[in-house]
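In what follows, a single structure is set out as structure tokens and then discussed.
Reckoned from all heavy atoms, side chains included, excluding hydrogens, waters and symmetry mates.
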Amino acid sequence: MEISEFVAGLAFLISLLAYIETKRANRSQSRLTDREVELVRIQIQTAQNEAKREKTAAVSARLNKVDKSSWKLRVFNTGPAPALNVRLVLDEQNSIIQENSASRKFPMSKLEKGQSVELAAFVHMQSNPKEWLRIRWDDPSGKDRENRIEITI
């Protein structure tokens, strides 16, 4: 075996090792690229969800006892966006909120973030322990959004 054959064999072996290492590096890079693509997709989804959440109002209500015999229904917006055209929908079995009291304040043209409105509630011995109330509103994320709330005494 001559030196030239030995050098050629050694060069072939080095090039084979370089080829194997290049293939391994390419696979690793491919996996890393796939993870980066997945991370970017998650970041885009998170940004889209945050943008949608920023356009959403969250209107709810709570019955509060003011003193021994006085109760108030407080309707409030905890979402980041203003609620527009807020409507209070009372069902037929409602005995806590009087229709004329509600019709004086609702529909409200705008209920800002953190803003609330109170209605007098008339709780008595014959009042149902649970009643349902629906609040409808529009906001930048959509129209006729609704929250159905169970009011408990």
task: Group every Ile, Leu, Val, Met, Phe, Trp and Tyr by side-chain heavy-atom contacts under 4.5 Å, then state whether I151 and L88 land in the same group.
output: yes
message: Just to verify, what does K113 make a side chain to side chain contact (heavy atoms under 4.5 Å, CB included) with, not counting sequence neighbours?
response: none
- request: List for me each residue that meets side chain to side chain contact (heavy atoms under 4.5 Å, CB included) alongside L32, sequence neighbours excluded, and say none if there are none.
  value: Q29, E36
query: For the hydrophobic clusters of this structure (ILVMFWY residues joined by side-chain heavy atoms under 4.5 Å, transitively), does one cluster hold both V117 and L84?
result: no
task: Sorted by first residue and then second, give each salt bridge (Lys or Arg N to Asp or Glu O under 4.0 Å) pair with at least one member in residues 6-22; sequence neighbours left out.
output: E21-R24
statement: Residues passing the side chain to side chain contact (heavy atoms under 4.5 Å, CB included) test with R41, sequence neighbours excluded, are E38
task: Under the salt bridge (charged side-chain N to carboxylate O under 4.0 Å, His left out) rule, collect the residues that match up with E118, sequence neighbours excluded.
output: none
- prompt: For A102 and L119, which heavy atoms make the closest approach, and how far apart are they?
  reply: CA-CD2, 4.1 Å
field: Set of salt bridge (charged side-chain N to carboxylate O under 4.0 Å, His left out) partners for R134, sequence neighbours left out
entry: none
- request: Test L133 against V89 for side chain to side chain contact (heavy atoms under 4.5 Å, CB included), laying out the working first.
  value: CA-CA 6 Å; L133 173 72; V89 181; over 6 Å; no
message: Go through it in stages, so that I can follow the logic: the residues are N77 and W137, the test is side chain to side chain contact (heavy atoms under 4.5 Å, CB included), and I'd like the CA-CA distance, side-chain angles, deciding distance and then a yes or no.
response: CA-CA 11 Å; N77 179 10; W137 71 93; over 6 Å; no
field: Beyond-backbone contact of R145 with T56, side-chain heavy atoms, under 4.5 angstrom
entry: yes
message: Quick check for you: to the nearest 0.5 Å, what is the distance between D34 atom CG and L39 atom CG?
response: 12.5 Å
message: Once side chain to side chain donor-acceptor pair (under 3.5 Å) is applied, what residue pairs with a partner in residues 78-89 remain, sequence neighbours excluded?
response: R87-D144
statement: d(S70 OG, F122 CZ) to nearest 0.5 Å is 9.5 Å
message: Do F106 and V75 make a side-chain contact, defined as non-hydrogen atoms from C-beta onward lying under 4.5 Å apart?
response: yes
- line: For R35, the side chain to side chain contact (heavy atoms under 4.5 Å, CB included) test, sequence neighbours excluded, returns none
message: Using 0.5 Å steps for rounding, measure from the CG atom of L63 to the CD1 atom of I96.
response: 5.5 Å
- request: Compare every heavy atom of A81 with every heavy atom of A57, then report the nearest pair and how far apart it is.
  value: CB-O, 3.4 Å
message: Test of understanding: with salt bridge (charged side-chain N to carboxylate O under 4.0 Å, His left out), list the residues that count as partners of E146, not counting sequence neighbours.
response: R136
message: Can a donor-acceptor pair be found, under 3.5 Å and without considering hydrogens, that links the side chain of S30 to the backbone of N26?
response: no
query: Does any pair with a residue in residues 47-67 pass salt bridge (Lys or Arg N to Asp or Glu O under 4.0 Å), and if so which ones, sequence neighbours excluded?
result: E50-R53
task: Please check if I97 and V86 belong to a single hydrophobic cluster, counting links between Ile, Leu, Val, Met, Phe, Trp and Tyr side chain heavy atoms closer than 4.5 Å.
output: yes
task: Please tell me if the side chains of V59 and L111 come closer than 4.5 Å, counting only heavy atoms from C-beta onward.
output: yes
field: Side-chain cluster (under 4.5 Å, hydrophobic types only) that I44 belongs to, other residues
entry: V40
field: K68: salt bridge (charged side-chain N to carboxylate O under 4.0 Å, His left out) partners, not counting sequence neighbours
entry: none
